[in-house]
2 protein chains.
Amino acid sequence: MEQFSSKLLEDAIQSFQGLPGVGRKTATRMVLHLLKLDKSQVENFAQSLHKLRLEIQYCTQCHNLSDQPICNICADQKRDATIICVVEDVRDVMAIENTQQYKGVYHVLGGKISPMDGIGPTDLFIETLVDKVNGGIIKEVILAMSTTMEGETTSFYLYKKIQDASITISTIARGISFGDELEYADELTLGRSILQRTPYENTLAKQ
Amino acid sequence: MEQFSSKLLEDAIQSFQGLPGVGRKTATRMVLHLLKLDKSQVENFAQSLHKLRLEIQYCTQCHNLSDQPICNICADQKRDATIICVVEDVRDVMAIENTQQYKGVYHVLGGKISPMDGIGPTDLFIETLVDKVNGGIIKEVILAMSTTMEGETTSFYLYKKIQDASITISTIARGISFGDELEYADELTLGRSILQRTPYENTLAKQ
């Protein structure tokens with residue numbers, strides 16, 4: 001194993017090496033890059049990590065990452081609190097927010113049911129979702145899980161849990177992505193997209 | 001541009017995004033990974049960066065990164081201070097140390113002469129090398145630059161600067177790497193490796 005004679009350097013490299021997808025060579029490159037920066041820039045870097053871990057919270061309503069007890073989205077009066085989009089993790093919130101198409105609120109499960117990884121329903125924020133639904137204010141729950149086996153399982157489990165409430169339960173549309181060629185689409189997706197065909201819209205004109 | 005609603009998260013992502021080879025998605029993945037770690041681990045990470053930038057020094061003798069004014073290698077009495085291996089940067093020191101074949105000391109230039117990037121001889125630690133050579137203790141200087149145009153130029157420049165001193169000036173052997181197939185080797189390397197052929201040694205038995 002390559003070792004630097006400097007313990008300071010070694011410590012910093014070890015820190016970066018723990019990150020996902022970062023090996024020793026990449027970690028070394030990152031640390032040597034930091035040494036070329038101003039002291040204040042590296043200080044800001046260290047400070048941002050320090051503050052991140054100490055001060056960040058999870059929104060008590062939707063379990064999204066937040067700086068306050070209630071996240072910006074839940075606190076926003078302009079958003080429709082009667083529609084909840086259920087997602088697996090905070091990255092999904094970011095992805096959907098990025099589309100600027102959704103004006104409801106979220107519920108972050110914190111993962112998906114995956115017996116292979118030892119994650120069962122009790123490891124996720126499912127009870128709080130059921131409580132919200134039973135609270136009577138919610139009109140629609142959108143199940144926006146990933147289209148994997150675990151995602152589908154989680155959707156089905158949630159559906160079973162909340163199906164008796166008099167609300168709309170929907171799921172995000174599955175189909176051929178924009179820009180995809182039909183011949184490369186898998187059969188399941190293509191089959192579904194034919195069955196669930198929608199009235200023609202000129203999508204080019206919309207862009 | 002995707003934006004998290006949390007400023008703490010956003011700040012941390014921005015910090016990582018400045019690193020070489022790290023885009024926004026990778027930075028996000030890294031930061032979300034840090035959130036899963038213990039507070040103490042993230043604290044250590046922040047601390048290692050903080051200390052790195054504030055406390056690290058460059059060895060006053062060889063310009064290698066060091067925790068003290070004189071680095072471990074230069075301070076080591078068991079190393080032969082009469083042989084200097086000249087390298088471009090600190091990563092090369094690490095690479096050569098890793099072979100455990102070299103017992104001399106180093107001289108880190110801090111780069112290579114590269115007019116395209118605006119780096120001339122005065123931007124590198126060349127004068128201190130010349131001073132060492134003129135000091136009279138040095139017996140051999142090994143020029144261990146990379147085999148690029150800039151590396152060769154730097155080697156030649158250094159050679160011109162120190163050729164009048166009564167010392168041995170050598171360069172690391174060029175040739176076909178172990179494990180390489182001849183048909184894929186470039187003509188220059190292959191040509192040189194034939195001209196500079198060495199007595200047969202059974203390298204397999206050595207491994």
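In this text the structure is predicted, and so the values were computed from the model without any measurement. Here is how names work: the chains are called A, B, and so on, in the same order as the sequence lines, proteins then strands, and each is numbered from 1.
In this structure, the side chains of K51(A) and D11(B) stay at 4.5 Å or more apart for every pair of heavy atoms. Two residues are said to be in side-chain contact when any heavy atoms from C-beta on lie closer than 4.5 Å; L65(B) and L32(A) meet this criterion. R29(B) is listed as a side-chain neighbour of R91(A), based on a closest heavy-atom distance under 4.5 Å. Between L34(A) and R53(B), every side-chain heavy-atom pair lies at or beyond the 4.5 Å cut-off.
Applying the salt bridge (charged side-chain N to carboxylate O under 4.0 Å, His left out) test to residues at least two apart or on different chains, the pairs with a partner in residues 101-121 of chain B are E88(B)-K112(B).
Nearest heavy-atom pair across H33(A) and G18(B) is NE2-O, 3.2 Å. Looking at every heavy atom in both residues, S48(B) comes nearest to S15(A) through OG-OG, 2.9 Å. Taking both residues in full, the closest heavy atoms of S6(A) and I56(B) are given as OG-CD1, 3.6 Å, listed atom of the first, atom of the second, then distance.
Interface residue V22(A): only side-chain heavy atoms are found under 4.5 Å from chain B.
Heavy-atom neighbours of chain B within the stretch residues 127-146 of chain A, taken at a separation under 4.5 angstrom, are nonexistent. Using non-hydrogen atoms only and a strict 4.5 Å limit, the part of residues 37-46 of chain A facing chain B consists of L37(A), D38(A), K39(A), V42(A), E43(A), N44(A), F45(A), A46(A).
In this structure Y102(B) satisfies the ring-ring contact (aromatic ring centres under 6.0 Å, His included) test together with Y106(B), sequence neighbours excluded.
The CE atom of M94(B) lies 8.5 Å from the CG atom of L9(A); values are rounded to the nearest 0.5 Å. Here T26(B) contributes atom OG1 and L19(A) contributes atom CG; the two are 11.0 Å apart, rounded to the nearest 0.5 Å. If you take CD on E55(B) and NZ on K7(A), they are separated by 10.5 Å, rounding to the nearest 0.5 Å.
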